[in-house]
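Reckoned from all heavy atoms, side chains included, excluding hydrogens, waters and symmetry mates.
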Amino acid sequence: MKLSILKLDGTSFDVAVLNTAKVRDLKAAVTKYIDSMEQIQMGHRHISWKHVWGNFCLCYGSTKLIDDDTPLQNFGIKSNEELRFEHYVASREMGRHSHAKKRRFFHGLRNT
């Protein structure tokens, strides 16, 4: 099925996934498309997808597509539908943290 993805800057692009695709497959298609476009337009450029998916998610209507193992059909997504990126902060219940852990390298060397 062909899906249109609306970016935060208002531009959009199309990706194709199987009718039986899961959220994980859609993310992979988005990643592949954007990486190839960045390569063509700007040469070699690295995008931290871990950062992207940790701070943004794809949405369909008011539903956030967060669980990677959920089939797109479960959300009622059909061919030629539009999905969009939205800001998203992962919650602690999902096993992810919204902020990076503070690293204290020399905390044991201090004399107080």
Could you pull out the closest heavy-atom pair between [X] and [Y], with the gap in Å?
{"X": "Lys7", "Y": "Phe85", "result": "CA-CD1, 4.3 Å"}
{"X": "Glu38", "Y": "Ile47", "result": "CG-CD1, 3.7 Å"}
{"X": "Val17", "Y": "Asp25", "result": "CG1-O, 4.1 Å"}

Just by distance, do the side chain of Asp35 and the backbone of Lys32 share a donor-acceptor pair under 3.5 Å?
no

Taking Asn74 for the side chain and Thr70 for the main chain, is one N or O donor matched with an acceptor at less than 3.5 Å?
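No: the side chain of Asn74 does not pair with the backbone of Thr70.
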
From [X] [atom1] over to [Y] [atom2], what is the distance, rounded to the nearest 0.5 angstrom?
{"X": "Ile77", "Y": "Leu65", "atom1": "CD1", "atom2": "CG", "value": "5.0 Å"}
{"X": "Ser48", "Y": "Asn55", "atom1": "OG", "atom2": "CG", "value": "9.0 Å"}
{"X": "Leu6", "Y": "Cys59", "atom1": "CG", "atom2": "SG", "value": "11.0 Å"}
{"X": "Thr20", "Y": "Gln73", "atom1": "OG1", "atom2": "CD", "value": "7.0 Å"}
{"X": "Leu26", "Y": "Leu3", "atom1": "CG", "atom2": "CG", "value": "6.0 Å"}
{"X": "Tyr60", "Y": "Leu72", "atom1": "OH", "atom2": "CG", "value": "10.5 Å"}

For the pair Leu58 and Tyr88, evaluate side-chain contact (heavy atoms from CB on, under 4.5 Å) and give the outcome as yes or no after the intermediate values.
CA-CA 9 Å; Leu58 291 168; Tyr88 168 73; over 6 Å; no

Checking Met37 against Phe13 for the side-chain contact (heavy atoms from CB on, under 4.5 Å) test, could you report, in this order, the C-alpha distance in whole Å, the side-chain angles of both residues, the deciding distance, and whether it holds?
CA-CA 10 Å; Met37 290 310 297; Phe13 60 91; over 6 Å; no

Is it the case that the ring center of Phe56 lies less than 6.0 angstrom away from the ring center of Trp49?
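Ring centres of Phe56 and Trp49 not closer than 6.0 Å.
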
For the pair Arg84 and Glu86, evaluate salt bridge (charged side-chain N to carboxylate O under 4.0 Å, His left out) and give the outcome as yes or no after the intermediate values.
CA-CA 6 Å; Arg84 69 189 181 287; Glu86 277 194 11; 2.7 Å; yes

Intermediate values then yes/no, salt bridge (charged side-chain N to carboxylate O under 4.0 Å, His left out), Asp68 and Lys22
CA-CA 7 Å; Asp68 287 349; Lys22 296 181 179 184; over 6 Å; no

